[in-house]
Structure formats: structure tokens, C-alpha cells
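First the structure, in the form of C-alpha cells, and then the observations on it.
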Amino acid sequence: MSVSGQRHNAPNAPGQSTLLPGRLLIIDDNKVMRLLLARGLEQQGHSVTMAESGKCGLELMRAERFDIVLLDIEMPEMDGYQVLEAIRGDRALREIPVIITSSMDEIDGVARCIGMGAEDYLFKPLNPILLNARISSSLEKKRLRDEQRELIRMFAASEVADDLLAKGFSLGGQTIQATVLFSDIRAFTTLTEALPASDVIELLNNYYSLMFEAINGRGGVVNQMLGDGIMALFGAPVPLDNPAESSVFAALEMIELIDEFNQQQVALDRAQIKIGVGIATGQVIAGYTGTMQRATYTCVGDTVNLAARLEAYTKTVGQPILIDGSTRQALGKDIQVEECGLVELKGKSQAAHVFIVSVG
Amino acid sequence: MTDPLIDPEAWETLKSMTDSAFLVELIDLYLKDSPQLIEQMRAGLTTSDVETVRRAAHSLKSNSASFGANRLANAARELEMIAKGGTLDGAGLKLEAVEAEFIQLFPVLAELKNEC
């Protein structure tokens, strides 16, 4: 449909040309309504696609990306409720805001649609000022939501982001079986005293990239970074066949990658690093902790403490990877381990069986 | 005094949303569609097809209201409401009222179209 030769007879229509144009889809079986709505929206600078049935509309939504869908309730074959239900049931579509267009005496239907997740409504006959305001507000809200999703993706591990986006956010936890891995750079503080600040950050970033690669490559999720320390989870929030074994493989790769990294550092006459890794398997309490304003997906409990203590204990025994008995039990023959005996770990009332994973 | 066939305020609103070429297209579409919708209502009444009557009345109501043809929109709404109740009791009389309104509206809209 062309927008040439447009005439603005409503001098006070607010928002005109002040907002970014959106890609809108109109689903309405009534041609007069479709055309009228399309024209009103095109005059505001939006690009508009029309569908004459719910089925066509859904097909278009699956083929193209739209910012907003304007949906009629009263349609033959597939009515607005059924379309809304299909949209909400489709993971790829359910984030797209839906504005219900209906006549004034369909208020019950509008309420039902809002209850089903519709974002807003517009009464027919259309009021151009309201139309403009509702579309602007929905586009703005969608833009903010998209930004928020982007931020979640950027700052949370992708598995956590998916979990968050799929199940929604709620503080509160559950007890699950998982493997926890702690890693730390040995003598990082001494190392940094000798280096300029920019080199320290570069070193940390290189270290993190390598560690993330090893951990993510084995299905683990880095959920905390503190200074030069990393806490990673295997088996939560995404289940793994053998989280314990995956974590040990990840630890071995971490050591290997650090060795390669050190060789490069030697060649460049730069500081080398060593890491220690502690791994423990068992029940953990997992969930989002914090406040509604700031929260993180994390695990707490004895298993987490044990992994942290084992990581610290690597310094004492001078071995890069230490694991607990439960992790040991889950390992296959490919991984060589050595008994380290019963060890009294700091903060633990009972001595723990500790094993050394052979490296190289 | 009876209400005007076309509410001037609604007509102005409609004009503000469109340009004249588009308005002409829209009126043509409406003048072509409406007799078909009335025909559907009549057929639905003959075969006691409540759903067809309800749907056609609903469409005519919405379309008419867009042009500010509130008298016709109201007559169509009353017919829609009867059908919504699941029966067609009294629907025949209402359909006559709808037709009478449309017959009066037709020349008025045709005239407005010429002014576009």
C-alpha cells in the first residue's frame, strides 16, 4: 500500500514522526477495517503487513519478524483467542506484543485477551490519537524489553539466560545434584604487583577467555567471577549425563590451555600463571539469589564449600586439580587419579576423601 | 429530531486518518460490501443460521461505525445482540431496520465520496 499523497488533517495528533517506525502486522478478516487500520499506521511511518485470517497471520509471524501484532477477536475459522493462544504457545512468537482491536461492546472479550497475555487494546472505530499513543507505547515497551533481554544474555551465562527467559524470574531455589568447580590463579596478587594495570586486565581477560572455553565446551556454566577466581556449575541449570566427569575433563583442558598460554607468554617475555582447581559433586541448593533488583543464579551448600576448600588445598599439596570422593566415583577409566587420603579441610567438621587428578 | 445518518465528528476523524483517494477507495469498498453482508444476514435468517447472522451483523456494525454511520451501526448491533443470544427471535424486524438505514445512507455516502 502506498503512503504517497498523505494529508494530515489532525494537526494535534501527538507522537507523529517522533517515534521510531515499527514493523506491524494486522490480523483482521474485515477488509474495511484492515485497510483503515493500515492506512492510519502507515501515516505514522510504520511498515504494515495485513493478514485476512488468523491462520495467515500466524504463518506470516513465523516467516517474518514483527514488532507488534494488531489482532481482531471476531474472525471466522480461527478467532482472536485461538490466534493469541497459538502465539503464546510458540516460544519464537510469544514475546511479540499483541494489541487487540475490537468493538466497544466486546469488553469481556478484551478482558479475556488481556488475561491471555495481550498487551493492550484499541476500540473500533479507531481513534487516531489513541492509536498513535498505544502503538508508540507498545513499541517503546518492546524496545526496552528487547534491550533487557540483550543485557541478560550479555551478563548471564547463556544457559542461565535461556532458563531465565523460558521460566521467568523468581527468587527461590531447589535442591539438585550438580558438580561445582572452583578455579583460581596461584599467587595472583604477587604477580599483579609486578605488572602495570593494563597488563593485569589483559592477562585476566585472556585467562577468562581460555577458562570459559574449557568450561562451556564441556557443558559447564560459569556463574561467578570474583577477581581471578571462577565458580562454574556442571549439571545445573542444564542437566548433563555425567556432570562430574565433564567437570574433570574441563579442568584438564583448563590446565592444558594455561600451559599453552604460558608458552606464548614466555615467548613474549611476559608473566606466566598457574591455576588450581577444586571440584566437588553432590546436592546443591540452586536458584536465583539476591533481590528483585539485583540477582544472580548461584549454588550454595556443603558441596560448594567443599569445592572451594579443595581449590584452596591445591596450594598445600602442590597439585593443580583436586576432587572429592563423589566426583571420583563418577569418573571413567580415561581419567587417572591418585588417592590423597583423608584430609581435614578448613571449616569442615569431618575429614574428606581427596583425590589428585593426574595431569598430562 | 433524529440523529444524523453520519456523525460529523466521526467523519472528520476518519478524514484525518486518510487521504481523499484512499477515502474514495474505502467508501467504494463499504458500498460494495454492505449489501453483501445484508444478503448474508437475510440468507442466515432464512436457514436459521444464527452464527452467519451474528457475524455479518458484527462486520456491518464495525464498518458502519468507522464512517460515523451510527444509526446503521446501532441497528446492526441490535441484530448482532439478538443472534448472540442464540436465537433469531425478532431478528426479521431488526434486519428490516438495518436495510432501511442502509437505503437512506447509500446516497449520502455517495455524495460525500464526490466531495472527497
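These numbers come from the heavy atoms of this one structure, side chains and all, not from hydrogens, waters or symmetry mates. So that the names make sense, note that chain A is the first sequence line, chain B the second, and so on, each numbered from 1.
- By the 4.5 Å heavy-atom criterion applied to side chains, A/Leu36 and B/Thr18 are counted as neighbours.
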Would you give me the side-chain donor-acceptor pairs under 3.5 Å for residues 26-33 of chain B, sequence neighbours excluded?
from: B/Asp28; atom 1: OD1; to: B/Lys113; atom 2: NZ; distance (Å): 2.7
from: B/Tyr30; atom 1: OH; to: B/Ser64; atom 2: OG; distance (Å): 2.8

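- Taking the side chain as every heavy atom from C-beta outward, B/Asn63 and A/Lys31 never approach each other to under 4.5 Å.
- Summarising the geometry, atom CG belonging to A/Asp105 is positioned 4.5 Å from atom CZ belonging to B/Arg77; distances are rounded to the nearest 0.5 Å.
- Counting heavy-atom pairs closer than 4.5 Å to chain B, the top-ranked of the candidates A/Gly40, A/Pro76, A/Ser102 is A/Pro76.
- Contacts between residues 37-45 of chain B and chain A, counted as heavy-atom pairs separated by less than 4.5 Å, involve no residue at all.
- Enclosure of atom CD in A/Glu52 is not indicated, since only 12 or fewer non-hydrogen atoms of other residues, nucleotides or ligands lie within 6.0 angstrom.
- Atom NZ of A/Lys55 sits in a sparse spot, with 12 or fewer heavy atoms from other residues, nucleotides or ligands closer than 6.0 Å.
- Crowding of A/Glu77 atom CD: a count of heavy atoms from other residues, nucleotides or ligands under 6.0 Å not exceeding 12.
- Closest approach of B/His58 and A/Ser103 over heavy atoms only: CE1-OG, 4.1 Å.
- Residues that satisfy the side chain to side chain donor-acceptor pair (under 3.5 Å) test with A/Arg62, not counting sequence neighbours, are A/Asp90.
- The environment of A/Glu64 atom CD is dense: over 12 non-hydrogen atoms of other residues, nucleotides or ligands sit within 6.0 angstrom.
- What you find for A/Gln43 and B/Asp19 is that their closest heavy atoms are NE2-N, 4.2 Å.
- Minimum heavy-atom separation, B/Ser16 to A/Pro128: OG-CG, 3.8 Å.
- Here salt bridge (Lys or Arg N to Asp or Glu O under 4.0 Å) pairs that include residues 81-95 of chain B, with residues two or more places apart or in two chains, are B/Glu78-B/Lys94.
- When heavy atoms are compared at a cutoff of 4.5 Å, A/Leu131 approaches chain B solely by way of its side chain, counted from C-beta outward.
- Once rounded to the nearest 0.5 Å, the distance linking CG of A/Leu35 with CG of B/Leu23 reads 12.0 Å.
- Other residues, nucleotides and ligands contribute at most 12 non-hydrogen atoms within 6.0 Å of the CD atom of A/Glu85.
- Shortest non-hydrogen contact noted between A/Met33 and B/Ser62 is CE-O, 3.1 Å.
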